[in-house]
Amino acid sequence: MARLLVLRSAPYHRSHLSATATFLLSPSNSKHPHSASASASFPSTARRILLPSPLRVPARAIESSPGTTKQEPTPAAGEGEAQEPPPPAASAFEVEELGWGTQLAVKLRMLVAPPWKRVRKGSVLNMKLRGEISDQLKTRFSSGLSLPQICENFVKAAYDPRISGIYLHIEPLRCGWGKVDEIRRHIVDFKKSGKFVVGYMPVCGEKEYYLACACGELYAPPSAYVALFGLTVQQTFLRGVLEKVGIEPEIQRIGRYKSAGDQLARKSMSNEVREMLATLLDNIYGNWLDTISSKHGKKKEEIEEFINSGVYQVARLKEEGWITDLLYDDEVMAMLKERVAQKDKKSLRMVDYSKYSRVSKWTLGLQGGGEQIAVIRASGSITRTRSPLSVPSSGIIAEQLIEKIRTVRESEKYKAVILRIDSPGGDALASDLMWREIRLLADTKPVVASMSDVAASGGYYMAMAAPVIVAEKLTLTGSIGVVTGKFILQKLYERIDFNKEIISKGRYAELNAADQRPLRPDEAELFEKSAQNAYALFRDKAAMSRSMNVDQMETVAQGRVWSGQDAASRGLVDSLGGFSQALAIAKQKANIPHDRKVQLVEISKPSPTLPEILSGIGSSLLGVDRAVKGVLQDVTSLNGVQARMDGILFERLEDLSGENQLLLLVWISNVTNSETKTAWAINFVEKDRGLLKLLLQFGLFISQLAVFVGNTIAIPDDMVQLIKELTISAAEVDNLCPELT
């Protein structure tokens, strides 16, 4: 299908929240065409509930009682009365002394623990943080790091008498600032245990230093790579590439901040998108300067002056006191051996991240008892059903998540629910179905949505169903908007002597099928109306969910991406903080004392499966990373309305080399069992060698687009087939067009 609708999101900034009462939209005031029926899932009356500091949830209807809806519009951000400063986020965890009975039980459990869960006394926990960090739990056979397991390891190590401290290796990170802030809080709270946490940083960028400077000591090798030059946000434009290939994008933008449409239809950045990205960058850079200046006891201006001098020598970091010393890894470990009284040992006693993740909290007396709180994790791109290429970690599959939600709703043992979201969105229908189930869940027990790196568009769609939303300062969220588009391939078809004829019944039957001609005026009108309708449905439902009127929601929608702090000041989020903040609010809503331990139950905790094991092995052997798997899955299932955030704005494009780009096409051809023929290619070489290069390059471009733009456009079936036909082996490409490789 050549057409696709994209519901987009808006930046989220948390500074202050209104103290005035909020209201819920009544059907008579809603522009939503189904508001009368939809209102059944909304409380009819809302009142503001003040939570004791520091857990107050401002300006949000979190309890209700039957009655007539009373409308008291909340002043827009920056208008009306002065706004309250946000309450501080809860600490990641608190270190408390265990009772003598618990300490005795812990010692006995350590004695009887199986060998693979035993840790020698005086060990140092060695964790290497690099690359991508998932918000999902991982199995033993899963590759990569897991944020909940990293955080749990900090908590366990703080209490574990066998652990003397933590040695943290920090390599280049490919995760968002939300996850970095969560880990940073755990480092800070771990130091309160009195144990050491030593950081080692061979490659220093802004994100790596932001995390590493929280350690008690920080070391780097004398030859460390340093690139503290500042932060950038980028957007790429594809219109020129499409024109060269003979493809004309037909784009309808609904809202001023529709950047994905701009990427296809423009050759330069629009003023609105420039404004949005500049604001987002100001938030990230301002937070970085605030944190680093506070750490070093200097003014922000001094830190900025240092960065603007161009910091590339690690020796300068030592001179300015940004790191403790310049030491190699073996020298740091030798120092730690002496610190933990193991100088006479051959090597430092260490336990790595993977093994320590298998140590249970029960062994250390940290497993809560009594009340249970369910944790439902939703990470990745949203699809409605499982595709043939799906594995357990293939993102959010709506039909599976709905089953989990219903299981929790029907169970009386769970006192509250934390919905943990890390998603840029996806299928709009799937998002809406999950929204409905979350609303029904919230009618039976307290539900708190906790945002990780991103909860935008379809991800925000899910979150707004919860009565309380918690986000990190730099979570990317909002993105309430729609972009619809299709490709007109007339010129491309003419250049390659390709013909397509359609026999149809119905005035608009060819709207999605006909890509060999431009849209007729009546088709273009319907095309635009359908996009407007999709946007109105999303916006109006967001207004209902967040107790705003439509006009108020319109000012923060229009496809704009917000940071967590900005979103909070505009009523899209209730509180700032991480998982611990969401847990504290969930306990309070469930009338559980703050100091009482609870049992967190991970719903459908992952277990190793044969497809996952084989997938992990294949990834290791072939060098095909998660992005490639995403292409395979999305190419087979891409259709319908999409509620996605534009991922290309926040990802780096240099992660794929030219070889890997070519591998994407070869892999797609193999998976779809397409018999690769080179007859077309040879014919093209004879007619137009330059055209073949363009076609092959366009194939590579489509593969990149599927990975980095987050599939915000649909590739016509004929175009997919054409790409398959042109997908030939690396050797054949080299023979035909050596300069391509």
Side-chain angles (χ1 to χ4, degrees), residues 1-6 238-253 260-261 263-267 483-531 634-642 665 668-669 672 674 676-688 690-706 709 711-727:
M1 186 166 88
R3 177 187 171 211
L4 183 122
L5 295 177
V6 184
L238 311 170
R239 183 60 183 260
V241 177
L242 297 176
E243 287 179 349
K244 288 184 178 180
V245 180
I247 295 176
E248 179 184 352
E250 185 77 30
I251 303 296
Q252 287 291 340
R253 305 171 190 82
Q263 291 171 7
L264 298 174
R266 295 176 61 94
K267 294 184 178 181
V483 170
T484 180
K486 62 176 291 182
F487 285 136
I488 305 301
L489 307 178
Q490 181 180 12
K491 294 181 181 179
L492 174 62
Y493 288 165
E494 290 174 354
R495 292 183 67 180
I496 62 176
D497 294 332
F498 181 85
N499 184 40
K500 178 179 180 179
E501 296 183 6
I502 300 175
I503 299 176
S504 61
K505 290 291 184 180
R507 180 178 178 182
Y508 299 107
E510 297 183 11
L511 181 62
N512 293 330
D515 52 19
Q516 81 284 7
R517 62 170 177 80
L519 293 176
R520 301 190 310 263
D522 59 329
E523 289 177 326
E525 182 181 1
L526 183 65
F527 196 58
E528 180 180 1
K529 286 182 178 179
S530 66
D634 289 328
V635 164
T636 62
S637 62
L638 185 62
N639 58 67
V641 179
Q642 298 290 297
L665 286 179
I668 291 173
S669 178
T672 55
S674 174
T676 303
K677 305 294 183 181
T678 60
W680 271 17
I682 294 173
N683 183 47
F684 291 158
V685 169
E686 293 173 352
K687 294 175 62 177
D688 190 341
L691 176 60
L692 173 62
K693 290 173 57 179
L694 287 175
L695 289 172
L696 290 175
Q697 288 170 338
F698 178 70
L700 300 179
F701 147 73
I702 286 292
S703 298
Q704 284 188 351
L705 191 67
V709 181
N711 293 309
T712 56
I713 62 169
I715 305 169
D717 294 337
D718 292 323
M719 195 67 233
V720 173
Q721 183 61 35
L722 179 60
I723 293 172
K724 291 178 183 178
E725 294 292 342
L726 290 173
T727 302

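Keep in mind it's a predicted model, so treat the numbers as computed, not measured. By convention here, the first residue in the shown sequence is residue 1.
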Minimum heavy-atom separation for I488 and P518, please, with both atom names. CG2-N, 3.9 Å

Electrostatic pair R520-E510, nearest N-O below 4.0 angstrom: no

Distance-minimising heavy-atom pair for R507 and D522: NE-OD2, 3.0 Å

With rounding to the nearest 0.5 Å, note down the distance linking CD1 in I503 to CD in E501. 8.0 Å

So, applying side-chain contact (heavy atoms from CB on, under 4.5 Å) with I247, which one of V241, L238, L489 is it? L489

With rounding to the nearest 0.5 Å, note down the distance linking CD in E523 to CD in E528. 14.5 Å

d(E248 CD, L519 CG) to nearest 0.5 Å is 9.0 Å

Determine whether a donor-acceptor pair (N or O, by modelled atom type, separation under 3.5 Å) exists between the side chain of R239 and the backbone of K267. no

How would you list, by chain and number, every residue that makes a side chain to side chain contact (heavy atoms under 4.5 Å, CB included) with Q516, sequence neighbours excluded? Y493, K500, I502, A514

Where do A513 and A509 come nearest, in terms of heavy atoms and distance? CB-O, 4.4 Å

Can you tell me how far the CG atom of D515 sits from the CZ atom of F487, to the nearest 0.5 Å? 10.5 Å

